[in-house]
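What follows is one structure encoded as C-alpha cells, with my remarks underneath.
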Amino acid sequence: MTAALSRREFLKASAAIGGGFALEFSFPAASNAAATPGKAVPEVNAWIVIHPDDRVVIRIARSEMGQGTQTALAQLVAEELDCDWARVSTEFASPNEHIRRNRIWGSMSTGGSMGVRSSQDYVRKAGASARDMLTRAAAARWQVPATECAAAAGVITHRPSGRTLRYGEVAADAARLSPPAEVVLRDPKDWKIAGKSIRRLDIPDKVLGRPVFGVDVTLPGMLHASIAQCPVFGGKVARVDARVAEKMRGVKKIVRENDFVAVVADSWWRADEALGKLGIEWDVGDHGRASNETIDAMLRDGLAAPDLPQAKKSGDAHAALATAAKVIEAEYRSPYLNHATLEPMTCTAWFKPDGTLEVWTSTQNGEASMAAAAEASGLPLEKIEVHKMMLGGGFGRRGGPQDFVIQGVKIARAMAGTPVKLMWSREEDMQHGFYRPASIVRMKAGLDARGNIVAMHTKIACPSILKVLMPQALGKDGIDFTAVRTFSDMPYAVPNQQVDYAQRNGHVPVGFWRAPGQQNGFYRECFIDELASAAGRDPVEYRLAMMSPGDKNRRVLEAVAKAAGWGATLPAGAFRGVAVVEGFGSFAATVAELTIDAAGEVKVLRIVVAIDSGHVVNPDNCRAQAESNVIYGLGPILYQDNNVRNGRIVETNFKNFRLPQIAEMPKVETVLVPSGGFWGGHGEPAILPLAPAVCNAVFAATGKRIRSLPLKHHDLRKA
Amino acid sequence: MLELKINGTIRRVDVEPEMPLLWVLRDHLGLLGTKYGCGINVCGACTVHIDGQAVRACSLPASKAVGKAIVTIEGLSPKGAAGLHRIQQAWIDHQVPQCGYCQTGMIMSAAALLAKNPSPSDADIDATMTNLCRCGTYARVREAIHALAGRPAAKKA
Ligand code: FES
Ligand code: FES
C-alpha cells in the first residue's frame, strides 16, 4: 500500500481545510508501520488523490481482512472516476483524520458483509464528483465550456478541438473547485471496471510476504508483550509471583492489571517464556463452576419461561396448531464457536513524548479502535492515531470487541515512551474469544392434510450478541435480531407464526461470528426438511410451493436446483441435501453432496451455491468468498465446538479445535444470479444455507436427523 | 551467538539455542513474512525451507538450523526481492490469497513439494499441503499447483 502523502504533510495540507488541530505524527525511519513521506499532493476529494504522473490513490475506509473489499471499493470509485485502472493503488483512511474531518469517510466498521453494499453509493459519488471536477478544470484551462469536454480512462478530451489533458495535469486545479451539487451514477450495465473479475490489488504483495499485518508492526526500540487473562471469563488477578520471570533474559517489565498479566520483553518468545514462569493466582469470581451443563440448564430455563417476548406474531399459531392434521416438533442446538482468525489478536501502542498515542492494529473498525484507545488511555481522540494494518482474518472478532486494543494501550502505558507490540498466543486466542452463541431452539409446526404448513411456533433460547457489543441496537423487550433472524423473516407462506425469544446470557462472551445468527438457518432449514419428508414431498418442490412468485429466495433455489442437477441420479454412495437462507442483503441456496463411509465419516464432495446479491462488483472475488464460506462453515459442521468446563473454554489450540485441511475442501460451484436493483453482501451469505444442506444430505444418506452439531458427536455408521 | 545462513547470507544472532527459529527470524532479524499461527507444529504458517525441506520454524530450535541453508519467503525467488518465483506468479494468476496470513507458509510448502515432485497428484497434495488456511483458499491452492505441475523448475539465478 503506497501512501499519497505523509500524515505530516496531510496535516499541513488539511490545516486549511478546517481544524487548527496541530498534532504531528512523525515516523521513525527504521519502521515498517508508517506512511512513507512523499511529495505533498492535494486530494481531489477525501477519497481520491491524483499525482502529477497520473497515479491514482483511492482511500479505503473499510478494513481488508481477506474479503476483497479494498479492491471492490476501488473498482467502484475508479469506475465513476473513469481513470486508468493500471495506475490505481489504495491506502487506508486515517481514523484520526476521519474524526477530525467530521467522519468524512462514512462508516469504518467492516462487518455484516457491508463493506461494499453500505458504501457503494457514496464512494461511487466521490468518483463521479471527482471526474466532474477534473473535467471542469480542464475546460477552464482551455477556456471552453465544460459541456464540450469528456473524461475517460484518465484523459479529458475537448471534443471540438481534439485537445487532451491527463488527469494528473489538472488534478491540482480540480482540487480547488467546488464539487458538483449532483452527479449521475452509471448504469451498472455500462460498467467497465466495476462488475469485472479484476485481479485483487493486495495479492502481489501477499505472495511475497510483504504486507504488514498487525503482528508484523515494527518500530525502533519496540518491545514485545505476551498476555495471560483469567481463564474463567470475568475473573481477576489475585496474586502474581514474578520472582523467576522478572530475572529471565530479555524481560523488561511485568504488567499487572485488574484482569490480566503481561510480560514485556525484547522478543515475543522471551516474553511468552517468562509469562509461563509467572505464578499467577486468579480470583475466578462467580463462574468457576460453569459448564456445558449449567449453560444448557440456563437455556432450557429460558425455553420453559412463560410469556416470552415475541419477535414475530402473525395469525394465531396456538389455535392453528391445536386443529392441525399433524403436529411435528423438534429441538435443535448449537455450541459456542471461536473465530480462530489465523493471525491472533494483536495491538501495538506507543505513548510518545509529545503526549500523543499511536496504535497499530488489525481492526475491523478503526473508529472503534480509536474509542477503545481513548477509553484505555484517558486521552482525547485528537491525541490518538490508529493505524489500520492488514488483517490476518477477521470474521467478526476484530470489530465490536476491542479488548486487544484496550490491553495493548494499558501495557504500553506502563512502558510510556517505548512502543510495545502485544500479541496473544493461540491459547489465549482460543480461550478468550467472543464466541458464536450456543443456543437451543424448539420448533413446532402444524401441517394440514396435504402437508402444507398452517402454523409454526418457534422458541429460541440464545445469548444476546447485541447485549454484549451493541446494547443500543437491542429491540423491544430485549429482542436481539441476530438471535431471531431467519425465523422472524421466513420466506415461506405460513399463515400462523409465532417466534419467542428467551435472552439468556451466561458468562461466556458472545460476538459476531461470520454471519451472526446463522445457526438459525441450520435449525429452520433442517426442520423444513423434516416437514417435507413428513408430508412426503420433495424438499425443493415443498419449499418452492410456499414461496411467492417474485421472491429472490425462489430465484436462488431454482438456480441451485438446476445447477446441481437436483433430481438427477447421483454417483453410487453419494447423497444430496438442499437449503435456502437469505441474509446480509443477499439470497443464497445450497445443494450439498456427500458420502458417508463404513466408519461413519462424512466426506462433503460438492457444494453448489447460488447467490443473488443484486449487483456483483467482482465476480471472481465473490466466488472466492463463497469458497471461503464453505470451508469456514465446514469445520463447525464436522468437528468444531467450544466446550465449557470449570468456567473456562476447554479447547486450547488447533490440536483440539480442528480446522479443515485442503483434503477436506469440497468442489465448490458458485452460481451468481444477480437480479439487479439492490446491493447485497458476499462475505457471509454463502455460509447461511451450508450446514442445513449438509445435514439434510446426511439424513438422505442415513435416515438420521441431525439436530445438533458438530457431526463428530453423532454415530453415522450404518445400523 | 548463533550463526545462521538465511537466504544466502550469514546472520549472527545472540539468542538462546532453544529459541525457535520462527522468533529469531521475526523478532531478531526482522524477517516478518514467516508467520505465527499456533506455535505447536499444526498450522504451517511458519513454514520455511531448511536444506530444501519444508520445516515448521515454530517447532525448530534455532541451534538445530546452524550450518544449514535456511530459506524464507523473502528469499524464495531466485531473482531476489525484485522477482517472483513461478509459484508466486501462479498464486497471482489463480488469485489464491485472501487475507494472506497463511499464504507465505502455503507457498513455501508448495515450493518444497514441487521441487521434489514436479507433478503431484491430488493425493500427494492432500498429504503434503497440510497448512491451515482459515479463509478457505484451498481450491485455488490446488488449482495453482496443478497448473504448475510438470513445468520446468525456474533456473537458479
Ligand atoms: S506456527 Fe508453526 S505450525 Fe503453526
Ligand atoms: S488466506 Fe487467510 S488464512 Fe489463508
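To find a chain, count down the sequence lines: A is the first, B the second, and so on, and within it residues start at 1.
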Notebook entry, point to check: In this structure, are over 12 heavy atoms from other groups packed under 6.0 Å from A/Lys196 atom NZ?
Noted result: yes
Checklist line | Spacing of B/Cys38 atom SG and A/Glu427 atom CD [to the nearest 0.5 Å] | finding: 8.5 Å
Check: Relative to chain B, which segment of A/Asp202 carries a heavy atom at a distance below 4.5 Å: side chain, backbone, both, or neither?
Finding: side chain
Check: Can you find a heavy atom in the side chain of B/Val15 that is under 4.5 Å from one in the side chain of A/Arg270?
Finding: yes
Margin query: For B/Lys64, is the NZ atom crowded, meaning more than 12 foreign heavy atoms sit under 6.0 Å from it?
Written below: no
Next item on the list: Could you have a look at A/Phe213, A/Phe395, A/Phe654 and say which one has the most heavy-atom pairs with chain B under 4.5 angstrom?
Entry: A/Phe213
Checklist line | B/Gln89 vs A/Val207 side-chain heavy atoms within contact, under 4.5 Å | finding: no
Check: Between B/Gln103, B/Met106, B/Lys35, which residue shows the highest count of heavy-atom pairs closer than 4.5 Å to chain A?
Finding: B/Lys35
Check: Is it the side chain or the backbone of B/Leu76 that comes within 4.5 Å of chain A heavy atoms, both, or neither?
Finding: neither
Note to self: Counting only non-hydrogen atoms closer than 4.5 Å, does B/Asp93 touch chain A with its backbone (N, CA, C, O), its side chain (CB onward), both, or neither?
What the structure shows: both
Item checked: Residues which pass ring-ring contact (aromatic ring centres under 6.0 Å, His included) with B/Tyr36, listed by chain and number, not counting sequence neighbours -> A/Trp268, B/Trp23
Check: Say you draw a straight line from CZ of B/Arg142 to CE of A/Met665; how long is it, rounded to the nearest 0.5 Å?
Finding: 9.5 Å
Next item on the list: Without swapping roles, check the side chain of A/Arg426 against the backbone of B/Gly39 for a donor-acceptor pair under 3.5 Å.
Entry: no
Note to self: Please check: side-chain N/O of B/Arg134 versus main-chain N/O of A/Leu659, any donor-acceptor pairing under 3.5 Å?
What the structure shows: no
Notebook entry, point to check: Quick one: what part of B/Glu18 sits under 4.5 Å from any heavy atom of chain A, side chain, backbone, both or neither?
Noted result: both
Check: If you count heavy-atom pairs under 4.5 Å between each of A/Gly635, A/Ser628, A/Pro666 and chain B, which one has the most?
Finding: A/Ser628
Item checked: Contact class of A/Met430 relative to chain B, heavy atoms under 4.5 angstrom -> neither
Notebook entry, point to check: Are side-chain heavy atoms of A/Trp269 and B/Cys58 found at a separation under 4.5 Å?
Noted result: no
Notebook entry, point to check: Say you draw a straight line from SG of B/Cys43 to NZ of A/Lys655; how long is it, rounded to the nearest 0.5 Å?
Noted result: 13.0 Å
Checklist line | Point-to-point distance, once rounded to the nearest 0.5 Å, from CG of B/Leu32 to CZ of A/Arg210 | finding: 13.5 Å
Note to self: For A/Lys206 and B/Ile107: C-alpha separation, side-chain torsions, deciding distance, then whether side-chain contact (heavy atoms from CB on, under 4.5 Å) applies.
What the structure shows: CA-CA 10 Å; A/Lys206 283 178 174 174; B/Ile107 288 169; over 6 Å; no
Checklist line | Side-chain (B/Gln98) to main-chain (A/Ala624) donor-acceptor, under 3.5 angstrom | finding: yes
Note to self: I need the residue from A/Ser197, A/Gly394, A/Gly68, A/Ser425 with the largest number of non-hydrogen atom pairs under 4.5 Å to chain B.
What the structure shows: A/Ser425
Notebook entry, point to check: Is there a side-chain contact between A/Arg200 and B/Gln95, using heavy atoms and a 4.5 Å cut-off?
Noted result: yes
Check: Between B/Leu132 and chain A, which part of the residue has a heavy atom less than 4.5 Å away: side chain, backbone, both or neither?
Finding: both
Checklist line | B/Tyr101 OH to A/Asp216 CG distance, which is reported to the nearest 0.5 Å | finding: 7.0 Å
Check: If you tally heavy-atom pairs under 4.5 Å against chain B, which of A/Met423, A/Glu64, A/Gln625 wins?
Finding: A/Met423
Notebook entry, point to check: Which value, rounded to the nearest 0.5 Å, describes the distance between B/Tyr138 atom OH and A/Gln661 atom CD?
Noted result: 6.5 Å
Notebook entry, point to check: If only atom types and distance count, is the side chain of B/Arg26 paired as donor or acceptor with the main-chain N or O of A/Val215 below 3.5 Å?
Noted result: yes
Check: Under 4.5 Å between any side-chain heavy atoms of A/Ile662 and B/Asp126, yes or no?
Finding: yes
Next item on the list: Below 4.5 Å from any heavy atom of chain B, which atoms of A/Arg623 appear? Answer side chain, backbone, both or neither.
Entry: both
Notebook entry, point to check: So which of B/Gly100, B/Gly33, B/Gly30 has the biggest tally of heavy-atom pairs under 4.5 Å with chain A?
Noted result: B/Gly100
Notebook entry, point to check: Of the listed residues (B/Val42, B/Ile40, B/Ile87), which shares the most heavy-atom pairs with chain A below a 4.5 Å separation?
Noted result: B/Ile40
Next item on the list: Against chain B, label A/Leu342 side chain, backbone, both or neither, depending on which of its atoms sit under 4.5 Å from a heavy atom there.
Entry: both
Next item on the list: Find the one option among A/Ala340, A/Pro211, A/Pro344 whose heavy-atom pairs under 4.5 Å with chain B are most numerous.
Entry: A/Ala340
